[in-house]
Amino acid sequence: MHWTNRRSELSVTDMVLLATRSTVGKKTVMAVTGIILVLFLVAHMLGNLKVFVGAESFDHYAHWLRTIGTPVLPDSWYLWIQRLVLTACVVAHIWAATVLAVRARRARPVRYAHRRPVQGSYAARTMRWGGVIIALFVVYHILDLTTGHLNPVGDRQHPYGNVVADFAPERWYVTLFYVLAVVSLGFHLRHGMFSALRTLGQQTAAGERRARGASLGFAVALCAGYLSVPLAVTLGLVS
Amino acid sequence: MNLTLRIWRQPDPHDKGRMVTYRVTDVSPDMSFLEMLDMLNERLTLDGEEPVAFDHDCREGICGMCGLMINGVAHGPERATTTCQLHMRQFKDGDTIDVEPWRARAFPVVRDLVVDRSAFDRIIQAGGYVSAPTGSAPDAHAVPVPKADADAAFEAATCIGCGACVAACPNGSAMLFTAAKVTHLGLLPQGQPERRDRVLDMVAAHDEAGFGGCTNAGECTPACPKGIPLEVIGRLNRDHLKATARPTR
């Protein structure tokens, strides 16, 4: 049973297996990939705020993204490397979540006849379905504002126009979907950030209070940043 | 007070089991929950029926034997209390009370409300020990322990291994139990030699027993009769990270 006792013979592959094999290891995978994805979310949110500076500034920012890393890297290479890393993180995050969710289901084959609703936060209870909503949203969002297939304009040279057309008042249902997705993301981050810190070794009561407060504050700030753009367009503040 | 009980009856591990309704009358509010069940069992015995099987031993809240899911809450509605220390004054006349065993694949039902918790023993066997030199007993103060560490270790050591954390966990995880043991030994100087192996081996035994993984949902601590704090899981996670990063000493 205790294969870990053969510590001295471990190869690198064994060490990777050791790190991801246990339930605690899978949580570590979720925490690390989650943090990388959150760093991207912060950068993306700050970039979105360029929309309030003006069309020229926003479009220039979008084009500049393609030139990051040049001339060391050819045009758009950095962007593709980043996309590759993010996709790997998303896949690993979903893989670990799925394995743990299946395991949790198997761990209680006979359900309780009388079960009090889970007492933890709403955020903690909705992590799994919230994650599914966010994943579906990301697919839609890429087809909408990255490739332009689902966008009413879809002009890849002028993303500002795409954004303004996307969240026009008559397309209120698109705005509503974005709002719902961003709020789901907020809840996901509220528990996810706290959980990631705990998984990476946050271990005091005072630290727990700080971690919970910081996660809530961060989730609210990120939501506000992300919601400001579509709502401003729908309300006519950006046109 | 008069109560309606809906109790899980299952004659053996292979039976499907079902909830059976019983009525108990003249229950004193000063009775413990187990005394109320004793009263029901006396009547069932007199009526020639099979009494309800449930685990219990010290009835002082310190042995960890008793443990029932009462209205969907491990050990019932009172915080930091074992089932044996729960009094009927917590309920109202006319209440219907659902009584179920702990539900977990790693805790198979033996009979009625009795579950087999030897999965906990296997976790303890995997790493819940320290190396002690033989020979004459060392002086009591030969190894100084900082007061804060001693207090935190003692807090974790109050775990009685009842299994309420598993019963309450939405994932059926035993991480609070495992983390309490890892914290208890890992905070003391006597626990240092095995510290790296302990966390890896105990988590491996935990996973092997079929418990679910921890997702920091936080259901366990409110259910724990000893109030083992959630942050012990953070200590386990930190030890686990360090042990995987540098598996060889």
Side-chain angles (χ1 to χ4, degrees), chain A residues 1-5 7-8 10 14-16 18-28 30-31 96-97 99-101 103-121 124-125 127-128 191-192 194-208 211, chain B residues 6 8 17 19 69-73 98 100 103-106 109 122 126 166-173 175 183 196-197 199-201 203-208 210-219 222 229-245 247-249:
Chain A
M1 180 172 81
H2 302 302
W3 67 289
T4 51
N5 287 339
R7 211 56 49 82
S8 53
L10 289 185
D14 290 337
M15 283 176 65
V16 173
L18 183 69
T20 56
R21 175 191 161 107
S22 73
T23 52
V24 179
K26 288 188 183 71
K27 286 295 292 177
T28 313
M30 295 201 70
V99 172
L100 288 171
R103 191 184 170 87
R105 185 155 271 279
R106 288 202 188 126
R108 181 162 293 138
V110 181
R111 317 259 125 201
Y112 288 108
H114 184 143
R115 179 70 158 143
R116 181 175 65 160
V118 176
Q119 296 299 292
S121 64
R125 263 182 284 159
M127 285 306 277
R128 285 171 187 151
H191 180 72
F194 158 71
S195 188
L197 293 172
R198 173 53 45 90
T199 300
L200 296 178
Q202 183 283 310
Q203 57 176 4
T204 61
E208 180 174 329
Chain B
R6 299 203 309 141
W8 182 259
M19 297 295 275
M69 207 68 173
I70 300 166
N71 282 339
V73 182
D98 289 338
E100 294 176 80
R103 293 289 188 204
R105 181 158 71 104
V109 171
R122 294 197 293 279
V166 177
C169 177
N171 302 308
S173 176
M175 208 52 82
T183 299
R196 284 172 192 281
D197 291 336
V199 66
L200 294 176
D201 290 343
V203 168
H206 167 279
D207 291 355
E208 198 165 293
F211 292 109
C214 172
T215 59
N216 303 311
E219 292 298 295
L230 203 56
E231 62 254 24
V232 295
I233 295 178
R235 288 190 188 276
L236 175 142
N237 291 337
R238 182 174 286 211
D239 274 7
H240 191 273
L241 265 184
K242 281 188 190 162
T244 18
T248 36
R249 272 193 290 274

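Throughout, protein chains are lettered first and strands after them, A, B, ... in sequence-line order, and every chain is numbered starting at 1.
With a 4.5 Å cut-off on non-hydrogen atoms, A:Leu100 touches chain B through its side chain but not through its backbone. Interface remark: A:Arg105 contributes no atoms to any contact with chain B (heavy atom separation under 4.5 Å). Proximity to chain B is limited to the side chain of A:Thr28, based on heavy atoms less than 4.5 angstrom apart.
For the pair B:Arg103 and B:Met69, the minimum side-chain heavy-atom distance is 4.5 Å or more. Considering only heavy atoms from C-beta on, A:His114 stays 4.5 Å or farther from B:Met19 through its side chain.
Side-chain polar atoms of A:Thr23 and B:Asp207 form a donor-acceptor pair below 3.5 angstrom.
Between chain B and the residues A:Gly25, A:Ser22, A:Ala124, A:Gly207, the largest count of heavy-atom pairs under 4.5 Å involves A:Ser22. Taking A:His191, A:Lys26, A:Arg106, A:Glu208 one by one and counting their heavy-atom pairs under 4.5 Å with chain B, the maximum is reached by A:His191. The candidate with the highest count of non-hydrogen atom pairs below 4.5 Å against chain A, out of B:Ile70, B:Val203, B:Leu230, is B:Leu230. Top candidate by heavy-atom pairs under 4.5 Å with chain B, chosen from A:Ala107, A:Ala205, A:Pro109, is A:Ala107. Chosen from B:Asn216, B:Val199, B:Thr215, the residue pairing most often with chain A at heavy-atom distances under 4.5 Å is B:Asn216.
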Exercise for review: May I have the step-by-step check of side chain to side chain contact (heavy atoms under 4.5 Å, CB included) for B:Met175 and A:Val24, ending in yes or no?
Suggested key: CA-CA 9 Å; B:Met175 208 52 82; A:Val24 179; 3.7 Å; yes
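Within a 6.0 Å sphere centred on CZ of A:Arg128, other residues, nucleotides and ligands contribute more than 12 heavy atoms.
For A:Leu197, the side chain to side chain contact (heavy atoms under 4.5 Å, CB included) test picks out A:Gln202, A:Ala211, with sequence neighbours left out.
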